[in-house]
Amino acid sequence: MTQDVMMAADSGVTNCACKGIRRCLKCEHVKGKEHLEANEPKIVHHFLYDPETRLAIGKDAEAVPFPFPGIFLRENFISEEEEKKLISTMDQDVWNDSQSGRRKQDFGPKVNFKKKKVRLAGFSGLPALSQKLVLRMQQDSSLADFQPVEQCNLDYHPQRGSAIDPHLDDSWLWGERLVTINMLSNTTLTMSLERGLPELGLAEEVHVAVRLPRRSLVVLYGEARHRWKHAIHRDDVQERRVCSTYRELTPEFLPGGHQEELGAQLLNISLSFQGTPV
């Protein structure tokens with residue numbers, strides 16, 4: 001047994017859940033890492049997000065900084081004691097294997113995004129400990145009307161090669177704001193734009209690194225939510241990292257929308273805060 005497989009086994013990974021091009025340390029051992037690597041290196045322009053100025057600052061001294069809209073970052077959103085209690089409670093529930101070496105717990109309705117169908121069966125709401133966190137979120141003016149209908153807990157560990165590929169979250173059911181609490185370790189959220197920013201003279205892919213301190217809260221909205229893909233790279237998971245992401249509904253499911261009745265049912269269940277993982 002190789003060191004990578006032993007490490008994966010020690011982390012509780014018994015079956016690889018990766019599909020398609022996704023990968024973790026265990027499937028790399030089985031399939032071969034070389035087979036999964038991209039063949040041609042890409043030119044990428046690297047920037048770092050500054051939460052004070054809300055500018056993307058180029059790592060190359062010659063790169064011109066540019067405004068990066070759509071990110072709100074609040075450090076120390078939860079205390080050390082709250083973090084400890086949250087993680088302890090999560091670890092009492094079952095963690096299910098997910099793709100790219102992650103484990104997950106879902107508190108939300110079953111959704112078929114291709115067929116645009118939502119199933120309420122089995123959905124019992126957000127977990128009880130999230131109630132005070134949601135109330136705290138709503139104390140910020142930018143989240144005053146935030147009503148989450150889904151919570152997803154993700155567990156990353158370097159021994160599993162955990163990561164999440166660049167992606168855009170669904171925008172049929174999930175609304176404008178994605179709210180995430182980052183726990184147990186610092187990490188980096190990488191925002192990417194494959195087509196670059198020609199208006200700034202950046203024709204190739206652009207990456208903006210957003211540093212997420214331990215116990216911080218980050219909100220993606222606007223261009224950062226709908227235009228830029230977001231990812232957590234394997235190299236940015238140095239220790240165990242757990243995050244909780246909360247999602248709201250689109251206007252279609254809110255009062256005045258075509259599916260407001262279903263939306264009301266979803267919110268009524270969600271905000272009962274009596275949930276168990278589905």
Side-chain angles (χ1 to χ4, degrees), residues 12 17 74 77-98 102-113 115-140 142-156 169-184 215-221 240-278:
R74 178 177 168 185
F77 179 74
I78 58 173
S79 67
E80 292 184 28
E81 187 61 32
E82 286 176 317
E83 178 188 53
K84 183 178 180 180
K85 186 174 182 180
L86 286 166
I87 298 300
S88 175
T89 302
M90 290 179 193
D91 284 343
Q92 291 174 30
D93 285 324
V94 174
W95 285 100
N96 296 311
D97 289 338
S98 187
R102 304 186 307 275
R103 299 190 302 172
K104 67 178 179 179
Q105 295 172 345
D106 286 321
F107 297 85
K110 292 290 186 181
V111 186
N112 186 321
F113 292 106
K115 296 182 179 179
K116 294 189 175 181
K117 291 186 178 181
V118 181
R119 186 160 58 90
L120 296 177
F123 178 36
S124 55
L126 270 60
L129 281 180
S130 289
Q131 186 168 15
K132 66 177 181 179
L133 299 177
V134 171
L135 289 173
R136 189 178 304 165
M137 293 172 193
Q138 292 170 341
Q139 290 174 8
D140 188 278
S142 64
L143 294 172
D145 59 346
F146 184 68
Q147 292 187 296
V149 73
E150 192 251 13
Q151 176 180 337
C152 180
N153 299 332
L154 290 176
D155 179 2
Y156 294 72
D169 277 32
D170 164 77
S171 55
W172 162 67
L173 181 63
W174 306 139
E176 176 65 15
R177 294 161 294 190
L178 305 177
V179 181
T180 298
I181 301 174
N182 183 61
M183 292 171 279
L184 291 185
R215 296 188 295 277
S216 65
L217 175 140
V218 63
V219 183
L220 300 185
Y221 61 95
R240 185 187 182 197
R241 179 222 179 204
V242 172
C243 68
S244 295
T245 294
Y246 300 80
R247 298 177 174 90
E248 63 185 341
L249 293 170
T250 58
E252 181 176 346
F253 295 87
L254 297 176
H258 294 301
Q259 301 199 59
E260 64 174 310
E261 184 176 342
L262 175 57
Q265 289 180 285
L266 288 168
L267 283 171
N268 186 53
I269 297 171
S270 172
L271 301 179
S272 69
F273 295 100
Q274 298 177 358
T276 56
V278 294

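Heads up: numbering here begins at 1 and tracks the sequence. Everything numeric here is computed off the predicted structure, so don't read it as measured data.
Look at D140 and R74 and you find no salt bridge, because none of the NZ, NE, NH1 or NH2 atoms lies under 4.0 Å from a carboxylate O. Using a 4.0 Å cut-off between a side-chain N of Lys or Arg and a carboxylate O of Asp or Glu, D91 and R240 qualify as a salt bridge. Using a cutoff of 4.0 Å between basic side-chain nitrogens and carboxylate oxygens, K116 and E252 are not scored as salt-bridged.
Residues I78 and L133 meet the side-chain proximity criterion, which asks for heavy atoms closer than 4.5 Å. Annotation: side chain of L217 is in contact with side chain of V179 (closest heavy-atom distance under 4.5 Å). Looking only at side-chain heavy atoms (C-beta outward), L129 and L86 come within less than 4.5 Å of each other. L126 places a side-chain heavy atom less than 4.5 Å from the side chain of P148. By the 4.5 Å heavy-atom criterion applied to side chains, Q105 and V94 are not counted as neighbours. With a 4.5 Å cut-off on side-chain heavy atoms, E150 and F123 do not count as touching. No side-chain heavy atom of L143 sits less than 4.5 Å from a side-chain heavy atom of Y221. The shortest side-chain heavy-atom distance between C152 and F107 does not fall under the 4.5 Å cut-off.
The six-membered or imidazole ring of F253 lies away from that of W174, with a centre-to-centre distance of 6.0 Å or more.
If you take CZ on F113 and CG on D170, they are separated by 4.5 Å, rounding to the nearest 0.5 Å.
Between the E248 side chain and the R177 main chain, a donor and an acceptor come within less than 3.5 Å of each other. Between the E83 side chain and the L184 main chain, a donor and an acceptor come within less than 3.5 Å of each other.
Side-chain contact check for Y246 and S130: at least one donor-acceptor pair (N or O, by modelled atom type) lies under 3.5 Å. Residues Q147 and D145 have side chains that never bring a donor and an acceptor to within less than 3.5 angstrom of each other.
Nearest heavy atoms, T250 versus S171: CG2-O, 3.5 Å.
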